[in-house]
J.: 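Sending over a structure as structure tokens; questions will come in a sec.
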Amino acid sequence: MTDVKSENNLKKAEIEGYKKWRELSNIEFACSADADADADASRLSKQLKSQNFTQISSREATAKPHTNSTSSHDSSNSSLIFKVQAQLELDEACDSPHSQS
């Protein structure tokens, strides 16, 4: 029964990790600030029990213009933003048979 409980806890942790990864991926910055990306990734990583964010960086993206714009086909309304990019990996400490939640 312990194995089933451990497996359920791992699945819950995976789902929570994916949610935090999505949250991190949606954060936008006005400039390329890897320090800000690291800070946000660190903050969200601390909320995870068995995973960590690695390979953290920022990438350029184009902000979508607001839909209430009168000239929706005008690409000059879009602006450059930066988003966080990271990998979500299993924490090595949780991979050992002695780790418990």
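Sequence positions, counted from 1, serve as the residue numbers for this chain. Every value quoted in this text rests on a predicted model; they were computed, and no experiment measured them.
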J.: Show me the side-chain donor-acceptor pairs of residues 10-19 shorter than 3.5 Å, one per line, residues at least two apart or across chains.
T.:
none

J.: Is there side-chain contact between S50 and L90, with heavy atoms separated by less than 4.5 Å?
T.: yes
J.: Report yes if the side chains of V84 and F53 come closer than 4.5 Å at any heavy-atom pair, otherwise no.
T.: no
J.: Under the salt bridge (charged side-chain N to carboxylate O under 4.0 Å, His left out) test, which residues partner E89, sequence neighbours left out?
T.: none
J.: Could you state the interatomic distance from OG (S58) to CG (D36), rounded to the nearest 0.5 Å?
T.: 9.0 Å
J.: Which heavy atom of A41 sits nearest to which heavy atom of I56, and what is that distance?
T.: CB-CD1, 3.4 Å
J.: Does a side-chain heavy-atom distance below 4.5 Å link L88 with N52?
T.: no
J.: Working to the nearest 0.5 Å, report the span between CD of Q87 and CD of Q55.
T.: 5.0 Å
J.: With rounding to the nearest 0.5 angstrom, report the CZ to CZ distance, R59 to F82.
T.: 11.0 Å
J.: What are the two closest non-hydrogen atoms of I81 and A63, and how far apart are they?
T.: CG2-CB, 3.8 Å
J.: Heavy atoms only: give me the nearest W21-A86 pair and the separation to one decimal.
T.: NE1-O, 3.0 Å
J.: Does F29 reach the side chain of D40, with side-chain heavy atoms less than 4.5 Å apart?
T.: yes
J.: I'd like to check the side chain to side chain donor-acceptor pair (under 3.5 Å) partners of K20; sequence neighbours left out, ordered by chain and number.
T.: Q47
